[in-house]
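These notes concern the structure reproduced below.
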Amino acid sequence: MTVAELKHDEKGCAMETAHISSARESRVVIDLVVNGERVIEEIEPNMLLLHFLRDKLKLFGAKESCGEGECGACTVLMNGYAVTSCLVLAIEANGAEILTVEGLSKGNELSILQQEFVFQDALQCGFCTPGMLMSARGLLDKNPDPTDEEIREAMAGNLCRCTGYLQIFDAVKRAAEREREEREE
Amino acid sequence: MLSQFDYVKPLVLDEALAALAKEDDSYVLAGGTDLLIMLRHNLINARHIIDIKGIPELNELCFIENEGLTIGANVVVNALVDSELVKNKYKALHDAASCLASFQLRNRATLVGNICNASPGADLPPALLIYDAVVKIASVDGVREVPLVEFFTGVKKTVLSDEELVISVFLPDPGENDSSCYMRQTRLKGHDLSTVGVACRLDGEGKVSVAIGAVATTPLRLTALEAEINQRGISEETILWASNAINDHIKPISDVRASEAYRRHMASVLLKRCLVTLTGKEV
């Protein structure tokens, strides 16, 4: 059985999504690296990676939308590969390296990819943006010089309901160019 | 959110097989892209999850000349997309892998998981069927091999017992001058199962093989149609004849994705396109 359990911080913001399980037996310890920092946490085996990031680590970048791997809003990089964190158990990430949108910027300085999302007007409401950024990051890390078709294919698993996809495509393409230029310098 | 289960990640195959045999309500986890959705919707009562990703021998993606290609249970779909060998030797499989779900899902989803889920509309089975794929199945009692054409028994049903685990799929070496393709019709690119998916192969001796998904309770290898195509010999007339005759060999239904009539029409169109592509004939 699961119990709805909604905690609030001092400002009244909902801090935990309402699906914390009640049973406490069979807890396991996972040891992984999230955004460059080692994390050791006790969890239940049925916890999703998405909920682990949001509820345990308070990293709210990855969003829960469809919960079925269709929309891409929960995309993070797992050992360098873009995955939908709603379809990964937290325990499967034991020993893995996870990168979320919070790990893209250096302090307050946005990464080139993030900057291009701003410059190209690639977001409106912003809900899909963390997932978009992580899919794009996964692509550019593996393939710094993607073709237009490769960009479209890598981003096809991320849905946006407001911007349209042209600006997002432009942002990824321009970011790839700028990152290549920066490497050559 | 998900109901309670315990989780084990064995590092050797025997341990996984023993765990599967020991407890009822045990489920195998590889990519998890189907399993986690079933868990989320409480469609299955999983008490024990056995994660097989720690078993090294299941990671095998290996081609041996004159023998064939072995695809282990942990091989993800994007590994097939990235493989030049798959692209050159098993083009239809490369085509089908490239259009399966989305990029993120292909980073997790496995080929073996795709066949074990046994969705009638899955993309990979038709591409495997034309290559006479053989499924290698293990349990505590030993290993058996089942041709893929006998593996599916119904919608989401296979010959697997609760204690069995598919360890790999084997595709014989198609040899020289072999070509194939997979084409599908779908409601939207990147997210949907196929409305109809057709795989065709023209082997080195000029023989045609045809398999099709989403037009019956299981993916189908159309051997009777193949025999007649091969008897007639490939020509423009044969292609036109076959694209009509395919409708005698399929039993599509109407559902959310398409009507029966549309499926029949697209089966015909896709077969024609595949054969035109492979033979270079103009119809």
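Here is the naming used below: chain letters follow the sequence lines, and residue numbers restart at 1 for every chain.
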Inset, instruction - Start with the C-alpha distance between A/E92 and B/K53, add both sets of side-chain angles, then the distance that settles salt bridge (Lys or Arg N to Asp or Glu O under 4.0 Å), and finish with yes or no. - result: CA-CA 9 Å; A/E92 292 182 85; B/K53 290 191 288 296; 2.5 Å; yes
Legend entry - Rounded distance (nearest 0.5 Å) linking atom CD1 of B/I37 with atom CD of A/E70: 6.5 Å
Inset, instruction - Measure the CG-CG distance between A/L89 and B/D51 for me, rounded to the nearest 0.5 Å. - result: 8.0 Å
Legend entry - Side chain B/N107, main chain A/V83, donor-acceptor under 3.5 Å: no
Please determine whether the number of non-hydrogen atoms from other residues, nucleotides or ligands lying under 6.0 Å from atom [atom1] of [X] exceeds 12.
{"X": "A/K56", "atom1": "NZ", "answer": "yes"}
{"X": "A/N79", "atom1": "CG", "answer": "yes"}
{"X": "B/K89", "atom1": "NZ", "answer": "yes"}
{"X": "A/R38", "atom1": "CZ", "answer": "no"}
{"X": "A/E42", "atom1": "CD", "answer": "yes"}
{"X": "B/R187", "atom1": "CZ", "answer": "yes"}
{"X": "A/E177", "atom1": "CD", "answer": "yes"}
{"X": "A/Y81", "atom1": "OH", "answer": "no"}

Legend entry - Best-contacting candidate, A/N94, A/L139, A/L48, against chain B by heavy atom pairs under 4.5 angstrom: A/L48
Inset, instruction - Any chance you could lay out the side-chain contact (heavy atoms from CB on, under 4.5 Å) test for A/L87 and B/L105, step after step, and finish with the verdict? - result: CA-CA 9 Å; A/L87 292 184; B/L105 289 212; 3.8 Å; yes
Legend entry - Contacting region of B/L35 [heavy-atom separation from chain A under 4.5 Å]: neither
Chain B heavy atoms under 4.5 Å from [X]: which part of the residue, side chain, backbone, both or neither?
{"X": "A/V88", "answer": "both"}
{"X": "A/L159", "answer": "side chain"}
{"X": "A/C66", "answer": "backbone"}
{"X": "A/M155", "answer": "neither"}

Do you know which two heavy atoms are closest between [X] and [Y], and how far apart they sit?
{"X": "A/G157", "Y": "B/S102", "answer": "CA-CB, 3.4 Å"}
{"X": "B/R40", "Y": "A/G67", "answer": "CD-O, 3.3 Å"}
{"X": "A/P45", "Y": "B/F5", "answer": "O-CE1, 3.4 Å"}

Inset, instruction - State, with a plain yes or no, whether a side-chain heavy atom of B/F103 is found less than 4.5 Å away from one of A/S135. - result: no
Inset, instruction - Would you please test A/N46 and B/I49 for side-chain contact (heavy atoms from CB on, under 4.5 Å) and show each step? - result: CA-CA 10 Å; A/N46 63 348; B/I49 298 286; over 6 Å; no
Legend entry - Any residue of residues 141-150 of chain A which, by heavy atoms, sits under 4.5 Å from chain B: A/E149
Inset, instruction - Take A/T75 and B/Q104 through the side-chain hydrogen bond (donor to acceptor under 3.5 Å, both in side chains) test and state the conclusion after the steps. - result: CA-CA 8 Å; A/T75 303; B/Q104 295 101 309; 2.9 Å; yes
